[in-house]
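Each remark here refers to the structure printed beneath this line.
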Amino acid sequence: MSDATDPWLIVGLGNPGPDYAANRHNVGFMVADLLATRIGGKFKRAQKAQAQVVEGRIGPPGPASRRVVLVKPMSYMNLSGGPVTALRDFYKVPTDHVVAVHDELDVDYGSLRLKLGGGDNGHNGLKSMTKAMGPDYHRVRFGIGRPPGRKQVADFVLKDFSAAERKELAFLVDRSADAVECLLAEGLERAQSAYNS
């Protein structure tokens, strides 16, 4: 069982490379980048896994501060589980201290949902993580909504946010980063009541 001194592994899910950077599927990377900025760190290549990491602390100085490792897997979305599990083991992080930040089709754009455990809902990053370490990790689900009309899901998630969506995107990424910080500092129930929408 985990305790307050255990580190947290915050995993932003996405695909590496400039072609994918602004895609809906890469919103996890966007949130991880913002959290890295907040803790004053820069992503660097991990020694132990195909990923980029930043180590630091989230929260006010003192006992409420949480040790974190921010992670962006560089393996492509459908292979995220390998690097995440390698880093979880290297940093000795309990699985319930792993947080995946990811895009979610079944949540409307602009809404967030936090939860512990559950299915992968067809999300290849979650599918890979769950296969590698089981389902008992936290998720911060960033709503992107369903594709319009008959548009294929794969095409939709691998496209950039629309012009209308981009007007709100910075605010929503900021709110998602706040939700991660709240989860670590105050626990899942408080974070859900504050940020689930």
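In this structure, Lys48 places its NZ atom where only 12 or fewer heavy-atom neighbours from other residues, nucleotides or ligands lie under 6.0 Å away.
The closest side-chain heavy-atom distance from Leu112 to Arg175 is below 4.5 Å. For the pair Val53/Leu87, a side-chain contact is recorded, criterion being any heavy-atom separation below 4.5 Å from C-beta on. The closest side-chain heavy-atom distance from Arg67 to Thr5 is not below 4.5 Å. Val98 is listed as a side-chain neighbour of Met129, based on a closest heavy-atom distance under 4.5 Å. Side-chain contact between Leu114 and Leu183 is present, with at least one heavy-atom pair separated by less than 4.5 Å. Side-chain contact check for Pro7 versus Val93: some heavy-atom pair is nearer than 4.5 Å.
Side-chain N/O atoms of Tyr195 and Ser176 include no donor and acceptor closer than 3.5 Å. With hydrogens and angles left out, the side-chain atoms of Glu55 and Tyr91 include a donor and acceptor closer than 3.5 Å.
Contact check on Arg38 versus Asp178 returns a salt bridge, with a Lys/Arg side-chain nitrogen under 4.0 Å from an Asp/Glu carboxylate oxygen.
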Query raised in the report: Would Tyr20 and Phe29 count as a ring pair (Phe, Tyr, Trp, His ring centres under 6.0 Å) if you check the C-alpha gap in whole Å, the side-chain angles of each, and the deciding distance to 0.1 Å?
Result: CA-CA 10 Å; Tyr20 298 101; Phe29 276 17; 9.6 Å; no
Report task. Run the numbers on Tyr109 and Leu172 for side chain to side chain contact (heavy atoms under 4.5 Å, CB included), then give the verdict. Result -> CA-CA 9 Å; Tyr109 183 71; Leu172 297 172; 3.5 Å; yes
**Report entry** Working for side chain to side chain contact (heavy atoms under 4.5 Å, CB included), residues Arg88 and His97
**Finding:** CA-CA 9 Å; Arg88 180 201 63 172; His97 273 212; over 6 Å; no
Requested in this report: Please report the C-alpha distance between Glu104 and Asn121 in whole Å, then the side-chain angles of each, then the deciding distance to 0.1 Å, and finally whether the side chain to side chain contact (heavy atoms under 4.5 Å, CB included) criterion is met.
Outcome: CA-CA 9 Å; Glu104 177 58 62; Asn121 204 22; 2.7 Å; yes
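For the side-chain hydrogen bond (donor to acceptor under 3.5 Å, both in side chains) with Asp103, the qualifying choice from Arg141, His25, Arg24 is His25, the only one to do so.
A single hydrophobic cluster is not seen to contain both Leu13 and Leu105; linkage of ILVMFWY side chains at heavy-atom distances under 4.5 Å, directly or through other members, places them apart. Put simply, Leu70 and Met30 are part of the same group of oily side chains (I, L, V, M, F, W, Y) that touch within less than 4.5 Å, one to the next. Note: the hydrophobic cluster containing Leu188 also contains Trp8 (ILVMFWY, side chain heavy atoms under 4.5 Å, direct or indirect links). Neither Val99 nor Val71 shares a network with the other; the hydrophobic side chains, linked directly or stepwise wherever heavy atoms of I, L, V, M, F, W or Y lie under 4.5 Å apart, form separate groups for each. Transitive grouping of hydrophobic side chains (ILVMFWY, heavy atoms separated by less than 4.5 Å) brings Ile144 and Val101 into a common cluster.
For the atom pair CD1 (Ile58) and CD1 (Ile10), the distance works out to 5.5 Å, reported to the nearest 0.5 Å. How far CE of Met74 is from CD of Gln50: 9.0 Å, rounded to the nearest 0.5 Å. With rounding to the nearest 0.5 Å, the separation of OG1 in Thr85 from CZ in Phe90 is 15.0 Å. In this structure, NZ on Lys42 lies 11.0 Å from CG on Asp33, to the nearest 0.5 angstrom. Here the straight-line distance linking atom CG of Asn78 with atom CG of Leu126 works out to 12.5 Å at 0.5 Å rounding. To the nearest 0.5 Å, atom CG of residue Asn196 and atom CD of residue Glu189 are 11.5 Å apart.
Within the 3.5 Å criterion, the main-chain N or O of Arg66 finds no donor-acceptor partner in the side chain of Arg57. Judged purely by atom type and a 3.5 angstrom limit, Asn15 uses its side chain to pair as donor or acceptor with the backbone of Met77. In this structure, Ser111 contributes its side chain and Val107 its backbone to no donor-acceptor pair below 3.5 Å. Counting only distance, with no hydrogens or angles, the side chain of Ser193 and the backbone of Arg190 share a donor-acceptor pair below 3.5 Å. Gln52 contributes no side-chain N or O that, together with a main-chain N or O of Lys72, makes up a donor-acceptor pair within less than 3.5 Å.
A cation-pi geometry, defined here as NZ or CZ lying under 6.0 Å from the six-membered ring centre and within 45° of its normal, holds between Arg139 and Tyr137.
Residues Ala191 and Cys182 approach most closely at CA-SG, 3.7 Å, considering heavy atoms. Taking both residues in full, the closest heavy atoms of Gly12 and Pro73 are given as O-CD, 3.3 Å, listed atom of the first, atom of the second, then distance. Taking every heavy atom of both residues into account, Leu34 and Asp174 meet most closely at CD2-CA, 3.5 Å. Contact between Ser128 and Gly81 at its shortest, heavy atoms only, is OG-N, 2.8 Å. The heavy-atom pair separating Pro83 from Ser80 by the smallest distance is CD-O, 3.2 Å. Smallest separation of non-hydrogen atoms from Val173 and Phe142: N-CE1, 4.0 Å.
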Output side-chain donor-acceptor pairs under 3.5 Å for residues 146-158, partner residues at least two apart or in another chain, one line each.
{"from": "Arg146", "atom 1": "NE", "to": "Asp106", "atom 2": "OD1", "distance (Å)": "3.0"}
{"from": "Arg146", "atom 1": "NH2", "to": "Asp106", "atom 2": "OD1", "distance (Å)": "2.9"}

